[in-house]
Structures are given as C-alpha cells and as structure tokens.
**Q** 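Structure provided below as structure tokens; questions to follow.
Numbering starts at 1 and runs along the sequence shown. In what follows, every heavy atom counts, from backbone to side chain, and hydrogens, waters and symmetry copies are set aside.
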Amino acid sequence: EINSCHILFIARDEAPNCERIIGAFERRPILTVSDMDGFAFRGGMIRFFTEQKKIRMHIDLSQVRKARLTINSKVLRLAEVTDDLKGN
C-alpha cells in the first residue's frame, strides 16, 4: 500500500527505527513528516514543533529535493527552512 502513499507521518515512538524507515523510501516522492526531535538530522523532510503555543514547521529542502518534490513558497515562508543540512 505504500506505493500509493504521498505523505508518511513517522510517530515519535518510531524514533529507534526512523533512519531505517526513511531509508526504505529514500529518493521516492513521498513526503516524510514527524514531530520527533532531530527529524531533519535523521533524513526527514518536515518536522512539526511547538513554539510560543503555536505549531511551527522545520523543512529540510535538501531532503525534499532528493525525493523530487517541491514545496509551495507560501508554505516555505511559514517555516524554518534548512537547505543542505547534512552537507549533501
């Protein structure tokens, strides 16, 4: 069923398996999203977090590009954006 998946949410309790899960879908056009700490460092694309009682996003554009995806510029303006976090 993952072949028809467009967005994959990886729960916090999957942190020990995060790299393996993301690696299984690397370079496929599946948007990976989570709320776990350090998600971008693990290869994730969008991390949701709370700041001053508001839900915010951190987006790693290098991971988004690897999956051949794009994110609307209006969404990017609302997020903290990192590009080339891992030096790729």
**Q** Please examine the side chains of Ile30 and Ile7, heavy atoms only from C-beta on, and report whether any two atoms are closer than 4.5 Å.
**A**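 A side-chain contact is absent here, since even the closest heavy-atom pair is not under 4.5 Å.
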
**Q** Has the side chain of Arg77 got a donor or acceptor atom that lies under 3.5 Å from a matching backbone atom of Asn72?
**A**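 Side chain of Arg77 to backbone of Asn72: no pair is present.
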
**Q** Would you compute the distance between atom CG of Asp83 and atom OG of Ser62 and round it to the nearest 0.5 angstrom?
**A**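 Reported value, rounded in 0.5 Å steps: 6.0 Å.
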
**Q** If every non-hydrogen atom of Arg42 is compared with every non-hydrogen atom of Ala15, which pair is closest and at what distance?
**A**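 Between these two residues, the closest heavy atoms are NH1-O, 2.7 Å.
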
**Q** Which heavy atom in Gly43 sits nearest to a heavy atom in Thr32, and how many Å separate them?
**A**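 For Gly43 and Thr32, the tightest heavy-atom pair comes out as O-OG1, 4.3 Å.
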
**Q** Out of curiosity, Met45 CE to Ile59 CD1, how far, rounded to the nearest 0.5 Å?
**A**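 If I round to the nearest 0.5 Å, the distance is 11.0 Å.
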
**Q** What pairs with Glu51 under side chain to side chain donor-acceptor pair (under 3.5 Å), at least two apart in sequence or on another chain?
**A**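 Per chain and number, Glu51 pairs via side chain to side chain donor-acceptor pair (under 3.5 Å) with Arg56.
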
**Q** Enter the distance from Leu61:CG to Ile71:CD1 here, rounded to the nearest 0.5 Å.
**A**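 Here the interatomic distance stands at 6.0 Å.
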
**Q** Rounded to the nearest 0.5 Å, what's the gap from CD1 on Ile46 to CG on Asp35? Could you check?
**A**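 The CG atom of Asp35 is 13.0 Å from CD1 of Ile46, to the nearest 0.5 Å.
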
**Q** Phe49 and Glu80: side chain to side chain contact (heavy atoms under 4.5 Å, CB included), yes or no, with the steps?
**A** CA-CA 11 Å; Phe49 63 97; Glu80 289 181 5; 3.6 Å; yes

**Q** Is any side-chain heavy atom of Ile22 closer than 4.5 Å to a side-chain heavy atom of Phe39?
**A**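 Yes, close enough: below the 4.5 Å cut-off.
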
**Q** Can you measure from NE2 (His58) to CZ (Phe48) and round to the nearest 0.5 angstrom?
**A**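 So the gap between those two atoms works out to 13.0 Å.
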
**Q** Between Ile21 and Glu14, is any pair of side-chain heavy atoms under 4.5 Å apart?
**A**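 Yes. Closest side-chain heavy atoms under 4.5 Å.
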
**Q** Less than 4.0 angstrom from a charged side-chain N to a carboxylate O is my criterion; do Asp60 and Arg47 meet it?
**A**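 Result for this pair is no, no salt bridge flagged.
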
**Q** Decide yes or no for Phe25 and Leu8: does some side-chain heavy atom of the first lie under 4.5 Å from some side-chain heavy atom of the second?
**A**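 Yes; the side chains approach each other to less than 4.5 Å.
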
**Q** Considering only heavy atoms from C-beta outward, does the side chain of Met36 approach that of Ile10 to under 4.5 Å?
**A**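 Counting from C-beta outward, Met36 and Ile10 do come under 4.5 Å.
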
**Q** How long is the gap from CD on Gln63 to CZ on Phe41, to the nearest 0.5 Å?
**A**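 Result: 11.5 Å between the selected atoms.
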
